[in-house]
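So you know, we letter chains A, B, ... as the sequences are listed, proteins then strands, and number each from 1.
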Number of protein chains: 2
Amino acid sequence: MAVQKSAAKRGRPRAYDPDVALARAMSVFWDAGYAATSLDDLRAATGMNRPSIYAAFGDKLALYRTLLDRYRETARSGMAQALAPEVPLREALARVYKAALALYLPRKADARGCFLIGTAVTEAARNAAVRASLAAGLKEIDAAFETRIRLAVDRGELPRRANAPARAKMASAALYSLAIHSRAGASRTELDAIVNAALDLICG
Amino acid sequence: MAVQKSAAKRGRPRAYDPDVALARAMSVFWDAGYAATSLDDLRAATGMNRPSIYAAFGDKLALYRTLLDRYRETARSGMAQALAPEVPLREALARVYKAALALYLPRKADARGCFLIGTAVTEAARNAAVRASLAAGLKEIDAAFETRIRLAVDRGELPRRANAPARAKMASAALYSLAIHSRAGASRTELDAIVNAALDLICG
DNA sequence: TGATTTTTGTACAATATTGCATAAAATTAT
DNA sequence: ATAATTTTATGCAATATTGTACAAAAATCA
């Protein structure tokens with residue numbers, strides 16, 4: 001059940017902004033994970049009451065799946081921007097990792113890592129829909145890296161014999177490592193060392 | 001509260017084998033994650049009744065932490081064995097990944113990935129003890145890779161200028177990528193491609 | 001045999017969680 | 001103004017979950 005974007009003409013107006021409510025719900029899932037988040041947590045975070053949440057977003061799983069889709073779109077567009085063809089490869093990859101870390105390490109809150117790695121991986125074992133969304137998200141990330149790396153090979157930024165799919169897989173793996181280490185409480189220095197290791201091995 | 005290994009001399013004997021019970025409890029957490037596992041799930045899996053579980057292993061968190069420690073020890077010894085100094089570097093790394101995938105993809109059950117990545121990463125955001133254990137586990141894995149790669153540099157298996165800590169970080173990242181993709185339902189072919197990408201970039 | 005020890009198994013009280021029923025409130029259409 | 005529509009807010013019944021109390025069971029010790 002999707003929330004209509006256009007303001008309804010009839011009836012009592014909504015007391016919440018769907019985008020704000022979704023962002024706040026996402027924050028709760030991001031911290032606690034899917035299973036540890038209760039509808040009462042979501043109610044408290046969004047300021048909505050329980051029936052409004054059900055009416056607007058469906059049950060907990062439906063809401064979570066909506067947020068997974070939103071996150072994938074955010075990640076996709078963020079990567080596309082960071083990997084712009086006019087930026088040199090090493091710098092482009094560095095921009096991806098920098099943007100990722102900005103997302104993984106909120107200034108005012110505890111480190112949380114990546115929404116997919118930090119919450120969907122656990123649920124994926126039992127929930128086929130989450131598993132499918134996670135798999136698709138991972139594929140999108142890898143495809144973005146691979147497209148840009150292939151361009152680098154075509155352009156001569158990398159040796160012609162360089163294996164673009166393989167390097168893309170390692171670029172993705174480094175991103176997941178950042179997500180994991182962020183949530184595990186790693187220092188900025190440790191995270192930067194992972195970034196530099198990835199840049200050196202992929203571009204060097 | 002640790003379970004005494006030696007058979008107690010007095011009192012009614014235990015109806016369960018602590019090692020078997022721990023293994024079964026681990027399997028439940030591994031599938032469902034920490035938060036989605038209830039004490040009743042653990043009771044059903046272990047065949048123990050609730051007070052026996054509390055008496056033997058403490059509450060859910062204490063039991064989970066015991067299992068985290070056990071897993072870390074399993075991983076540590078498995079890596080030490082796979083990375084034996086007499087085995088060439090590329091083969092040694094391949095052995096690590098092969099052993100990991102054997103653990104991540106049970107023959108008779110659904111893919112589950114790594115216990116740390118699949119269950120502890122989610123909990124790490126809110127639970128400092130889990131976060132610390134996860135961080136220590138990640139460090140152990142990376143240290144095992146780094147020790148073996150440093151040996152390879154010293155021996156001339158890798159160029160003298162090769163950056164052992166950086167390559168170890170990428171070897172670790174590839175392992176985490178396998179854990180994530182396993183749980184996300186990736187095919188054996190996709191997983192093997194990740195292994196080969198890692199071997200080529202780290203050893204090649 | 002009877003006392004002591006330890007574990008088991010049942011039961012239960014307290015609390016948490018879910019999903020919905022229902023009435024009131026706030027808006028638009030006529 | 002009145003009806004119709006949509007959302008809010010309270011509350012509740014059903015169920016799930018936790019941690020422990022208590023008595024019976026199964027062993028050893030004297």
Is [X] salt-bridged to [Y], going by a charged N under 4.0 Å from an acidic O?
X        : Y        : answer
A:Asp110 : A:Arg183 : no
B:Asp192 : B:Arg188 : yes
B:Asp142 : B:Lys139 : no
A:Glu157 : A:Arg148 : yes
A:Glu91  : A:Lys98  : no
B:Arg76  : B:Glu73  : yes

Atom [atom1] of [X] to atom [atom2] of [N]: distance rounded to whole Å?
X       : N      : atom1 : atom2 : result
B:Leu63 : D:dG19 : CG    : P     : 12 Å
A:Arg43 : C:dC20 : CZ    : C1'   : 16 Å
A:Asp59 : C:dC20 : CG    : P     : 9 Å
A:Asn49 : C:dT22 : CG    : P     : 17 Å
B:Leu61 : D:dT17 : CG    : P     : 18 Å

Using atom names, set out every protein N or O paired with an N or O of nucleotides 23-27 of chain D below 3.5 Å, distance rounded to 0.1 Å.
unit_1: D:dA25; atom_1: O4'; unit_2: B:Arg12; atom_2: NH1; d: 3.3
unit_1: D:dA25; atom_1: N3; unit_2: B:Arg12; atom_2: NH1; d: 3.4
unit_1: D:dA26; atom_1: N3; unit_2: B:Arg12; atom_2: N; d: 3.4

Point to revise | Side chains of B:Val195 and B:Leu101 in contact at under 4.5 Å (non-hydrogen atoms) | key: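 The answer is yes, as the side chains (C-beta and beyond) meet within the 4.5 Å cut-off.
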- Query: With a 4.5 Å limit on heavy-atom distance, are the side chains of A:Lys169 and B:Ser177 in contact?
  - Reply: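 Not touching, per the 4.5 Å side-chain cut-off.
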key: Sequence neighbours excluded - ring-ring contact (aromatic ring centres under 6.0 Å, His included) pairs with any residue from residues 104-136 of chain B   =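 Counting only pairs at least two positions apart or across chains, the ring-ring contact (aromatic ring centres under 6.0 Å, His included) contacts touching residues 104-136 of chain B are B:Trp30-B:Phe115, B:Tyr64-B:Phe115, B:Tyr71-B:Phe115.
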Quick one: which residue pairs count as a ring-ring contact (aromatic ring centres under 6.0 Å, His included) with a foot in residues 136-155 of chain B, not counting sequence neighbours?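 Pairs touching residues 136-155 of chain B that pass the test: none.
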request  = Please work out which residues in residues 27-41 of chain B have a non-hydrogen atom less than 4.0 Å from an atom of DNA chain D and list them by number.
outcome  =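 DNA chain D contact set from residues 27-41 of chain B: B:Ser38, B:Leu39.
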| said: Please pick, from D:dT8, C:dT7, D:dT20, the nucleotide with the shortest atom-to-atom distance to any side-chain atom of B:Arg14. | reply: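 Within the option list, the nearest is C:dT7.
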Out of D:dG19, C:dT8, C:dT18, which has the shortest distance to the side chain of A:Tyr54?
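Nucleotide nearest to A:Tyr54's side chain: C:dT18.
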Can you tell me if the side-chain N/O atoms of A:Ser52 get under 4.0 Å from OP1 or OP2 in D:dT8?
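So the side chain of A:Ser52 is within the cut-off, an N or O lying under 4.0 Å from OP1 or OP2 of D:dT8.
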**Message:** Holding to side chain to side chain donor-acceptor pair (under 3.5 Å), I want the full list of residues that pass it with A:Arg50, two or more places apart in sequence or in another chain.
**Reply:**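 Side chain to side chain donor-acceptor pair (under 3.5 Å) list for A:Arg50, sorted by chain: empty.
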With sugar-phosphate taken as primed atoms, P, OP1 and OP2 and all else as base, the protein-contact string of nucleotides 11-16 of chain C at under 4.0 Å (heavy atoms; B, S, -) is ------
